S.K.: 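Supplied in structure tokens, the structure appears directly below.
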Amino acid sequence: MARADLHTHTRRSPDGSTSPVAFVQRCLARGLTHVAVTDHNTIAGAQEIAAQAAGRITVIIGEEVSTAAGELIGLFLDQRVPPGLSLFETVERIHVQGGLVMAPHPFDPLRPGIRRAGLRTIGNVVDIVEGYNGRALLGRFDRAARRWAEEHNRPVGLGSDAHLEAELGRSMMDLPDFDGPDELLGALREARYSLAPPAFWLLPLSGVALARHWSGRVTRSAFPRTEAKP
């Protein structure tokens, strides 16, 4: 059996703060065997976690892509998908790599999901619908996603949507062991989900991380790095 989380973030996300060492230690402590690292518009964090994990955890290289019509997650990626593309072009860039497309928090109005209009547009090429999101403050948005997945015969995924170390492992799912995209789709049909209750106290901490990120950018801009003279 596998214990998995398909939606996580590291310090490579502007509103994330978890270092590779802390990320892997927390996942191991919580018993996760498979984790998808899905930073905003980059796969650099996922690559760092894969190197840090060194085979102790199966790391799925992912990305939460900001499309022109809301966020999509690509799983099992080899290359970064640039933000700002249409839904169809984003899906194509993910699928051409052999990856899977997951619609995260599609009905949550507090996050930039693709909503019902987006699902109508690309629903026939979405591989997974995130029906359990660890940061959903109101359960009805997740329930709406699960209803849509059932009506359209799509497997349901779970993501903690962890941006902070404390969130990793609060939500997880147990499912048959899997290796690669096709096996994951089959395993999700037999998944058992464990979603943590809403933790309102976690959200302001992401705001602190975001402020720290932008503060760092301003500092680096004001004091640019200079090359050492030979």
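All residue numbers in this chain count up from 1 along the given sequence. What you see is a predicted model, and the numbers here were worked out from it, not measured in a lab.
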S.K.: Could you check whether atom CG of Asp177 has more than 12 heavy atoms from other residues, nucleotides or ligands sitting under 6.0 Å from it?
M.R.: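 Atom CG in Asp177 is crowded, with more than 12 foreign heavy atoms closer than 6.0 Å.
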S.K.: Hey, any chance Val129 and Leu110 share a hydrophobic cluster, counting ILVMFWY side chains that come within less than 4.5 Å of each other, even indirectly?
M.R.: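 In one cluster with Val129: Leu110, no.
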S.K.: Between Ile43 and Leu72, is there shared hydrophobic-cluster membership here, with clusters defined by ILVMFWY side-chain heavy atoms closer than 4.5 Å?
M.R.: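 Linked, Ile43 and Leu72 end up in one cluster.
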S.K.: Give the minimum heavy-atom separation between Asp161 and Arg111, together with the two atoms involved.
M.R.: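 That closest heavy-atom pairing would be OD2-NH1, 3.0 Å.
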S.K.: Among Arg93, Glu63, Gln47, whose side-chain contact (heavy atoms from CB on, under 4.5 Å) with Leu77 holds?
M.R.: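 Per the side-chain contact (heavy atoms from CB on, under 4.5 Å) rule, the option paired with Leu77 is Glu63, out of Arg93, Glu63, Gln47.
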S.K.: Above 12 or not: heavy atoms from other molecules or residues under 6.0 Å from CD of Glu89?
M.R.: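 Above 12, so yes.
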S.K.: Going by side-chain heavy atoms closer than 4.5 Å, which hydrophobic residues are tied to Met102, directly or by a chain of links?
M.R.: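 Met102 shares its hydrophobic cluster with Leu6, Ile60, Ile73, Leu75, Phe76, Leu100, Ile128, Tyr132, Val156, Leu158, Met173, Leu175, Phe178, Leu184, Leu185, Leu188, Tyr193, Leu195.
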S.K.: Side chains of His9 and Glu167: any donor to acceptor distance under 3.5 Å?
M.R.: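 Checked: Glu167/His9 side chains show no N/O donor-acceptor pair below 3.5 Å.
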S.K.: Between Thr18 and Thr10, is there a donor-acceptor pair closer than 3.5 Å when you use the side chain of the first and the backbone of the second?
M.R.: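 Checking the backbone N and O of Thr10 against the side chain of Thr18, no donor-acceptor pair under 3.5 Å is found.
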S.K.: What orientation do His40 and His163 show, parallel under 30°, tilted 30 to 60°, or perpendicular over 60°?
M.R.: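 Tilted.
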S.K.: I'd like to know if Arg30 and Asp5 make a salt bridge, using a cut-off of under 4.0 Å between side-chain N and carboxylate O.
M.R.: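 No, Arg30 and Asp5 are not salt-bridged.
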S.K.: For Arg135 and Ala162, indicate whether the former's side chain and the latter's backbone hold a donor-acceptor pair under 3.5 Å.
M.R.: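 Pair absent, no side-chain N/O of Arg135 close to backbone of Ala162.
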